[in-house]
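Below is one structure, written out as structure tokens; comments come after it.
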Amino acid sequence: QVRLVESGGGSVQAGGSLRLSCAASGVSDGRNCVAWFRQAPGKEREGIAATTAGGGRTYYADSVKGRFKISQDNVANPLYLQMNNLKPEDTAMYYCAAASHSCIYVVYDRPNEYDYWGQGTQVTVSS
């Protein structure tokens with residue numbers, strides 16, 4: 001059974017940085033696509049970054065490319081999202097998600113491709 005628990009959210013000023021962590025138990029090296037989504041009030045859930053569990057090719061939404069980095073060097077370690085140069089529009093609830101297949105077989109930014117979700121962690125960026 002896959003279990004995902006996020007941490008690391010908080011409040012930061014624009015231009016600052018945060019690192020989110022997702023303790024992902026039950027995922028298999030090379031077999032699950034793991035991703036970060038976010039959802040702001042009144043908006044749809046947005047897929048922002050993904051990689052294959054244990055490390056591999058990465059995928060980014062244009063809105064975060066060059067500022068955010070997803071990483072997991074080993075399935076025994078957390079999935080991270082390093083967020084730099086944060087902007088007020090990055091304010092949202094951030095979720096970790098895992099699919100039953102690797103990213104090769106998943107449309108990485110589509111929420112219904114993912115079978116497992118964490119409870120979310122709030123990120124607030126003030127101007």
Side-chain angles (χ1 to χ4, degrees):
Q1 182 70 16
V2 174
R3 185 168 180 259
L4 306 171
V5 181
E6 304 96 333
S7 61
S11 297
V12 65
Q13 289 192 328
S17 298
L18 282 174
R19 188 177 76 163
L20 304 183
S21 298
C22 174
S25 60
V27 297
S28 300
D29 189 13
R31 298 189 63 179
N32 299 94
C33 191
V34 287
W36 288 97
F37 283 75
R38 66 185 181 186
Q39 189 166 20
K43 294 190 175 181
E44 293 186 352
R45 192 164 292 193
E46 176 190 16
I48 57 173
T51 188
T52 298
R57 183 179 175 181
T58 54
Y59 305 80
Y60 294 98
D62 288 343
S63 57
V64 305
K65 198 173 294 182
R67 299 188 299 122
F68 291 10
K69 181 181 179 182
I70 188 172
S71 64
Q72 186 187 39
D73 58 359
N74 187 297
V75 290
N77 294 333
L79 176 71
Y80 294 110
L81 184 69
Q82 178 65 44
M83 305 186 295
N84 298 325
N85 190 22
L86 283 159
K87 304 176 180 180
E89 52 264 42
D90 294 317
T91 295
M93 184 71 78
Y94 283 70
Y95 298 91
C96 177
S100 296
H101 305 287
S102 77
C103 293
I104 297 174
Y105 304 107
V106 169
V107 180
Y108 84 92
D109 60 350
R110 189 175 294 173
N112 62 7
E113 297 276 352
Y114 294 83
D115 305 289
Y116 307 97
W117 293 85
Q119 82 288 350
T121 186
Q122 177 68 37
V123 172
T124 302
V125 185
S126 58
S127 58

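Hydrophobic clustering (side-chain heavy atoms under 4.5 Å, transitive across Ile, Leu, Val, Met, Phe, Trp, Tyr) keeps Tyr95 apart from Val123. A continuous path of ILVMFWY side-chain contacts below 4.5 Å connects Val125 to Leu81, so both sit in one hydrophobic cluster. Follow the hydrophobic side-chain contacts under 4.5 Å out from Val64 and you never reach Met93; the two are in separate clusters. Both Tyr116 and Val75 belong to a single network of hydrophobic side chains, linked directly or stepwise wherever heavy atoms of I, L, V, M, F, W or Y lie under 4.5 Å apart. Ile70 and Trp117 fall into different hydrophobic clusters, where Ile, Leu, Val, Met, Phe, Trp and Tyr side chains are chained together by heavy-atom contacts under 4.5 Å.
From Ser102, atom OG reaches atom CZ of Arg57 across 11.5 Å, with rounding to the nearest 0.5 Å. With values rounded to the nearest 0.5 angstrom, Leu86 atom CG is found 11.0 Å from Ser11 atom OG. From Leu20, atom CG reaches atom CZ of Phe68 across 8.0 Å, with rounding to the nearest 0.5 Å.
Proximity of Leu79 to Leu4: side-chain heavy atoms (C-beta onward) are nowhere separated by under 4.5 Å.
Not a single donor-acceptor pair under 3.5 Å links the side chain of Thr124 to the backbone N or O of Thr91. A donor-acceptor pair under 3.5 Å is formed between the side chain of Arg67 and the backbone N or O of Ser63. Remark: the backbone N or O of Gly54 is paired with a side-chain donor or acceptor of Gln72 at under 3.5 angstrom.
Pairing each heavy atom of Cys96 with each of Glu6, the nearest pair is N-OE2, 2.7 Å. Counting all heavy atoms, side chain and backbone alike, Gly8 lies closest to Leu18 at O-CD2, 4.0 Å. Taking every heavy atom of both residues into account, Val106 and His101 meet most closely at CG2-O, 3.9 Å. Closest non-hydrogen pair, Thr51 versus Gly56, comes out as OG1-O, 3.3 Å. The two residues Ala61 and Gly47 have their closest heavy-atom pair at CB-O, 3.6 Å. Between Ala40 and Ala92, the shortest heavy-atom contact is N-CB, 3.9 Å.
Gln13 CD: 12 or fewer foreign heavy atoms inside a 6.0 Å radius.
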Just list the side-chain donor-acceptor pairs under 3.5 Å for residues 30-39, sequence neighbours left out, or say none.
unit_1: Asn32; atom_1: OD1; unit_2: Ser28; atom_2: N; d: 2.8
unit_1: Asn32; atom_1: ND2; unit_2: Ala99; atom_2: O; d: 2.8
unit_1: Trp36; atom_1: NE1; unit_2: Tyr80; atom_2: O; d: 3.4
unit_1: Arg38; atom_1: NE; unit_2: Glu46; atom_2: OE1; d: 2.9
unit_1: Arg38; atom_1: NH1; unit_2: Asp90; atom_2: OD1; d: 2.8
unit_1: Arg38; atom_1: NH1; unit_2: Tyr94; atom_2: OH; d: 3.0
unit_1: Arg38; atom_1: NH2; unit_2: Glu46; atom_2: OE1; d: 3.4
unit_1: Gln39; atom_1: OE1; unit_2: Arg45; atom_2: NE; d: 3.2
unit_1: Gln39; atom_1: OE1; unit_2: Arg45; atom_2: NH2; d: 3.2
unit_1: Gln39; atom_1: NE2; unit_2: Lys43; atom_2: O; d: 3.1

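When the options Tyr114, Tyr59, Tyr60 are evaluated for a ring pair (Phe, Tyr, Trp, His ring centres under 6.0 Å) with Tyr108, the one that passes is Tyr59.
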